[in-house]
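One-based numbering, in listed order, for ligands and for the atoms of each.
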Amino acid sequence: MNVPLLDLKPQYQALKSQLDAAVQEVVESQYFILGPQVEKLEQEMEEYLEVNYAIGVSSGTDALLLALMALEIGPGDEVIVPTFSFFATAGVVSRLGATPVFLDIDPGTYNVQPDLVAEAVTEKTRAIIPVHLFGQGADMEPIMKIAQQRNVPVVEDAAQAIGTRYCDGRRLGGIGRVGCFSFFPSKNLGTFGDAGLVVTNDSDLYYRMKIMRVHGGERTYYHSVVGGNFRIDAIQAAVLSVKLPHLDTWSKARKANADRYREFFVEAGLSHSSQQIFPEDNYPVGLPQQMYEGEESHIYNQFVIRVSDRDCLCEYLRERNVGHAIYYPVPFHRQECFSSLGYGSDQFPKAEQAAKEVLALPIYPDLSSDRLGYVVEVFEEFYRK
Ligand SMILES: Cc1ncc(COP(=O)(O)O)c(C=O)c1O
């Protein structure tokens with residue numbers, strides 16, 4: 001059997017006629033950039049994410065960049081980010097000439113720890129970027145409290161967490177000053193290329209981000225601020241409008257797969273030994289009582305386990321055609337491009353350990369029981385040996 005890490009073909013096949021028609025409609029209209037499809041998507045996103053304003057942009061990376069530009073972050077400023085995330089979270093800070101300040105993570109949720117955020121805020125801090133990694137929320141309430149006390153805006157990197165609700169029921173991305181999303185094809189809501197979204201409840205910031213999406217020009221060729229080309233294509237917006245009504249169903253299917261993995265792993269005697277740690281909702285520290293009890297408290301963009309013997313296991317999985325990936329093998333503080341920031345390689349032990357142990361397994365909504373069972377079988381075999 002062959003189990004890919006992600007297979008998007010069944011999703012396409014199920015919606016093929018609607019998706020093809022939506023793309024064809026844009027092609028017939030020959031209206032490719034921004035326009036009515038984008039406005040429609042933005043309204044749908046405002047409703048879905050329960051926010052006042054949504055702006056479609058060119059990617060999740062550009063969503064973060066646009067948010068920081070609109071907040072006027074630049075040289076001399078510090079921005080607090082977890083050291084364990086996708087590169088864009090820290091890359092955008094450096095691209096603006098500001099300094100990313102890295103923090104260790106909570107080993108159970110892989111997200112920033114509010115007490116470390118509080119310690120890291122200085123006079124130079126101009127933003128805090130909590131990342132809701134793998135689809136699980138960072139502990140936003142204490143982070144927002146710290147941010148309010150120090151008058152620092154929070155930019156949520158919700159690229160992997162569209163639809164997740166915080167313990168008070170709010171959708172992630174709508175809690176901080178700005179929320180940033182990615183519609184990269186492998187995300188829970190993925191499009192036919194690159195696209196992203198920024199959301200906010202702040203009307204001034206909305207207006208600023210909206211004009212900065214098109215080079216800071218309120219009227220074409222008249223520029224009040226310097227922006228960029230952060231526009232979303234109409235084709236991507238049309239695809240996303242077809243897919244959005246299915247997102248919660250897909251997230252539930254991912255969660256059901258996570259539950260099945262856990263059941264199977266327990267049956268196989270493989271759960272939570274010193275050699276393997278499988279994710280429970282919120283295991284092992286951090287948010288258990290606080291998190292929202294509903295279906296969407298964790299949308300599983302990835303199902304990430306931790307294993308102490310990862311290299312051997314990866315080899316074994318490869319030989320048996322079980323798709324897997326390591327998100328992320330090198331934390332930011334050890335990336336070559338950030339070496340001038342002077343972090344020690346052993347400075348953030350929890351992120352270091354995660355980087356050595358994490359392993360993502362197939363979790364996509366159309367993963368069949370047979371395929372999921374096969375993954376567990378291969379694990380059982382490996383640990384029996
Ligand atoms: C946590 C995180 N932030 C930002 C991004 C950037 O999104 P994009 O790939 O759409 O630019 C991603 C995408 O992988 C991500 O996972």
Residue and atom name of the nearest protein heavy atom (relative to atom 12 (C) of ligand 1), distance in Å to one decimal: F86 CD2, 3.4 Å
Protein heavy-atom partner closest to atom 14 (O) of ligand 1 - residue, atom, separation in Å: K187 NZ, 2.7 Å
F184 N/O under 3.5 Å from ligand 1 N/O: no
Taking atom 11 (O) of ligand 1 as the reference point, the nearest protein heavy atom with its distance: T61 OG1, 2.5 Å
Min N/O separation S85 to ligand 1 under 3.5 Å: no
Cation over ring face, R260 and F264, 6.0 Å, 45°: no
Contact check, side chains of E50 and R165, non-hydrogen atoms, under 4.5 Å: yes
Flag side-chain contact, heavy atom, 4.5 Å: E123 against R150: yes
Heavy-atom side-chain contact between V214 and R231 under 4.5 Å: yes
Atom 3 (N) of ligand 1: the protein heavy-atom neighbour that sits closest, reported with distance to 0.1 Å: D157 OD2, 2.8 Å
Atom 9 (O) of ligand 1: the protein heavy-atom neighbour that sits closest, reported with distance to 0.1 Å: S182 OG, 4.0 Å
N/O donor-acceptor pair under 3.5 Å between T164 side chain and G135 backbone: yes
Polar contact flag for D62 and ligand 1 (N/O pairs, less than 3.5 Å): no
Min N/O separation Q160 to ligand 1 under 3.5 Å: yes
Taking every non-hydrogen atom, the tightest pair across A161 and H132: CB-CB, 3.6 Å
Ring geometry between F102 and F332 (parallel below 30°, tilted from 30 to 60°, perpendicular above 60°): tilted
